[in-house]
Novice: 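Got a structure for you, questions after.
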There are 2 protein chains.
Amino acid sequence: MTEATRRERLRAETEREIRQAARTLLVESGRDAVTLRAIARKLGITAPALYRYYDSHDALLRQLCDDICADMAAALHTDLAADTSGQVGCKVRAVCHAFRRWALAHPQEFALVFASPRDPLGADQFGSVFLQLAGPLIASNEDAHHVEEEVPSVLHEDLVRFQQVLRDAVAEHGVTLADEVLNLGKIYHVVQSWVRLYGHVALEVFGRFPFAVSNPEPMFDSMLDQMLSDIGFAQVEQ
Amino acid sequence: MTEATRRERLRAETEREIRQAARTLLVESGRDAVTLRAIARKLGITAPALYRYYDSHDALLRQLCDDICADMAAALHTDLAADTSGQVGCKVRAVCHAFRRWALAHPQEFALVFASPRDPLGADQFGSVFLQLAGPLIASNEDAHHVEEEVPSVLHEDLVRFQQVLRDAVAEHGVTLADEVLNLGKIYHVVQSWVRLYGHVALEVFGRFPFAVSNPEPMFDSMLDQMLSDIGFAQVEQ
DNA sequence: GAACTCTTGTAAACACCGTTCACTGAAACC
DNA sequence: GGTTTCAGTGAACGGTGTTTACAAGAGTTC
C-alpha cells in the first residue's frame, strides 16, 4: 500500500509537524513569533535542521501562506455546499459571508497572507481563491445584462485579460462560457465588487474603521446588497 | 530670540536627524531596515544613545508614523487649497485624489502606518486625517437629503457616535452643524464611502487586485463617481 | 556482512537585532 | 569652583536568520 519508504514517511511526518508548529505559533502569538528557533524548539530539534526542509525562513512562511489559503478554500467550499437554496444569488452571498467569517475567525492568518505578496504583479492569493469559487457562480447568472459601453475604454485591455482568467477558472469546473454571458460590463462590476468586499473585510479585520463599530455585520450586509444588485442579481429575501 | 539653551538646541537638532534618518531608511529600504543600529550608524553614534530620545524601537516607529501622517495632512491640505473651483463636490474629489496620489507616491510610508495600529479600537490614523479634511466638506453640502430610514437601525448607535466625531472635526474649523445637515443617512454613506476609498487605495498600493491592472486610475475615477453621487453630490464634469 | 552513499540532525560560529547597565566627559547651574 | 545634569560609549545579554563542518544512522551495493 504505502509506496513510500520508511525514510520518506518520516520526512513527510516531520514536515507536517513543522507546518503545524508554525501554524500554532502564528495563531497563538502572531507573525513575529514564527521563528525558526521557536519552531525547532517545538519539535525538539535545532534550528539549522529546518534547512533540510525549507530553503529559508521566507520559504517556510510562503508555505504557511499556501497552507492557510488551501484551508480557507476548503472552508469556503464547505460553506458553499451548505447552501442548498439552489439560487445563484444566494450562493454568491454565501461565499461572501464565508470569506468574511473566515477572515474574522483567523485574523493572524489573514494578516500574514495579506502582508505577504506572492507576486509583485497582482495575483493576490485571497483573490484567486475567492474568485475561483465566486467566478463560476457570477458567470452562470443568465439574467444580468451590462452593456460594454458602461466601462471606461481604457480598461478594456485589462478586463479582457481578467475575462480570460475567469474563463479558465470556470473551465476547471468543466463549464465553458460565451462572451455575451461573461461580458466586459459584468467583469467590470466583478472587479469593483471584489475591491469593495476585500476592502471591507480587510478594514474590519484590521480594525481600521474610522470609528469604533460595535457590530459591523449589518454594514457588511448592506454593502453586499448593493454589490449583488450591481452585479445583476435580483434582491433576495434573507 | 532663541529661548532654548545651547543644550536644548543640540538635542532638538539630533532628534530631527534621527527622524530624518529613520524616514530615509524606511523610504529607501522598507520597514525592516529601520533599525536602531542603522539609524545610529547614519548619525555616527551608537545605538544605545537613541534611548536618550526614545523609550524603545516601537516608540520611535510610532513617532515616525505621526510624522508621516502630519506630512500627508499637509500634502492633502495643499492639494485641496489648489482647487479653486469653489464647488464642494470638486473639493471632495480633489481630497480623494490627493489621498490616492500620496499613497501611491509613498508606498513604504503608507504600508508602515497601515500596519501600525495606534489604538486597538478603530481610530485609524489615515481615517482621522482624511475625514478631518473631507468631513467639513461633505457636511457643508446642503442639497443632500438622505432619510434615516435607509440605514439599518442596528447601526444607529455607532453612527451617532461617529456623527459626534465628525461634528468635533468640523468644530475645529469653527463651524457648527445642525442635525438635519449631518443626518445619519449621510453619515452612513460617508462611512461606506471611506471604506471603499481606503479599500481601493490599500489594494492598489499593495498590488492586490485580482489581476494585473495596467492603469487603475479610470477604475478609481469610476468608483469616485458612484461614491460622490451616493453621498449626494451632483455629477460633475471633469 | 562489509563498504559506501545519501540523508538527517547537531554544534559552533557569524552578523545582525533590541535592550540594559555601568561609566565617561562635557555642559549647565549655583 | 564644586556639583549636578545629561548625551554618548562600550560591553554585555538574549534573541534572530544563516552557514559551515561534522557525526551518526538508514539505505544501497557488492
Side-chain angles (χ1 to χ4, degrees), chain A residues 1-26 28-65 108 111-112 115-117, chain B residues 1-65 108 111-112 115-116:
Chain A
M1 241 332 157
T2 57
E3 286 288 347
T5 66
R6 175 180 136 83
R7 194 134 76 174
E8 283 170 334
R9 268 186 296 110
L10 284 179
R11 183 182 177 82
E13 174 64 19
T14 306
E15 191 171 339
R16 228 185 41 87
E17 284 178 33
I18 293 173
R19 296 187 189 195
Q20 205 219 326
R23 188 67 158 275
T24 304
L25 285 166
L26 174 68
E28 288 178 356
S29 315
R31 194 211 156 121
D32 290 348
V34 188
T35 70
L36 292 182
R37 287 184 157 90
I39 296 171
R41 228 172 286 134
K42 279 208 172 227
L43 299 208
I45 60 178
T46 61
L50 295 173
Y51 282 81
R52 301 293 176 191
Y53 299 86
Y54 296 96
D55 286 344
S56 66
H57 182 236
D58 252 30
L60 200 154
L61 284 186
R62 240 174 291 133
Q63 174 66 57
L64 188 52
C65 284
Q108 302 280 20
L112 176 69
S116 310
Chain B
M1 237 336 161
T2 56
E3 286 289 348
T5 67
R6 175 179 139 83
R7 194 132 78 175
E8 282 170 334
R9 269 186 295 111
L10 285 179
R11 183 182 176 82
E13 174 64 19
T14 305
E15 192 170 340
R16 229 185 40 87
E17 284 179 33
I18 293 174
R19 293 186 190 194
Q20 205 218 326
R23 188 68 158 273
T24 304
L25 284 166
L26 174 68
V27 172
E28 288 179 356
S29 315
R31 192 206 157 121
D32 291 348
V34 187
T35 69
L36 292 181
R37 286 185 157 89
I39 295 171
R41 227 173 286 134
K42 280 210 171 228
L43 299 208
I45 60 177
T46 60
L50 295 174
Y51 282 82
R52 301 291 176 193
Y53 299 87
Y54 296 97
D55 285 343
S56 67
H57 183 236
D58 252 29
L60 200 153
L61 284 186
R62 238 173 294 133
Q63 175 65 58
L64 188 52
C65 284
Q108 301 280 20
L112 176 69
S116 309

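All values below were derived from every heavy atom in this structure, side-chain atoms included, with hydrogens, water molecules and symmetry-related copies excluded. Throughout, protein chains are lettered first and strands after them, A, B, ... in sequence-line order, and every chain is numbered starting at 1. Everything numeric in this text was worked out from a predicted model, so none of it was measured.
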Novice: What side-chain donor-acceptor pairs closer than 3.5 Å can you find for residues 54-64 of chain A, not counting sequence neighbours?
Specialist:
from	atom 1	to	atom 2	distance (Å)
A:S56	OG	A:D58	N	3.4
A:S56	OG	A:A59	N	3.1
A:H57	NE2	A:V34	O	2.7
A:Q63	NE2	A:D67	OD1	2.9

Novice: CD/B:E17 to NZ/B:K42 distance, rounded to the nearest 0.5 angstrom?
Specialist: 11.5 Å
Novice: For DNA chain C, which nucleotides open and close the run of contacts to chain B, 5' to 3', at under 4.0 angstrom from a non-hydrogen atom?
Specialist: C:dC17 to C:dA28
Novice: Quick one: stems for DNA chain C, with Watson-Crick or G-U pairs under 3.5 Å, at least three in a row?
Specialist: C:1-30 with D:1-30
Novice: Show the nearest heavy-atom pair for residues B:I45 and B:A49, with the distance to one decimal.
Specialist: CD1-CB, 3.9 Å
Novice: Which heavy atom of A:R37 sits nearest a heavy atom of A:A47, and at what distance?
Specialist: CG-CB, 3.7 Å
Novice: Would you compute the distance between atom CD of A:Q20 and atom CG of A:L25 and round it to the nearest 0.5 angstrom?
Specialist: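 With rounding to 0.5 Å, CD (A:Q20) is 10.5 Å from CG (A:L25).
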Novice: So A:R19 and A:E15, do their side chains get closer than 4.5 Å, heavy atoms only?
Specialist: yes
Novice: Is the shortest distance from a Lys or Arg side-chain nitrogen in A:R16 or A:E13 to a carboxylate oxygen in the other one below 4.0 Å?
Specialist: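 Yes, charged N to carboxylate O under 4.0 Å.
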Novice: Heavy-atom contacts under 4.0 Å between residues 48-59 of chain A and DNA chain C, which residues?
Specialist: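 Within residues 48-59 of chain A, the residues near DNA chain C are A:P48, A:A49, A:R52, A:Y53.
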Novice: Could you list where the contact with chain B starts and ends along DNA chain D, reading 5' to 3', using a 4.0 Å heavy-atom cut-off?
Specialist: D:dT5 to D:dA12
Novice: CZ of A:R41 to CG of A:L43: how many Å apart, nearest 0.5 Å?
Specialist: 11.5 Å
Novice: Under 4.0 Å, heavy atom to any atom of DNA chain C: which of residues 24-42 of chain B qualify?
Specialist: B:T35, B:L36, B:R37, B:R41
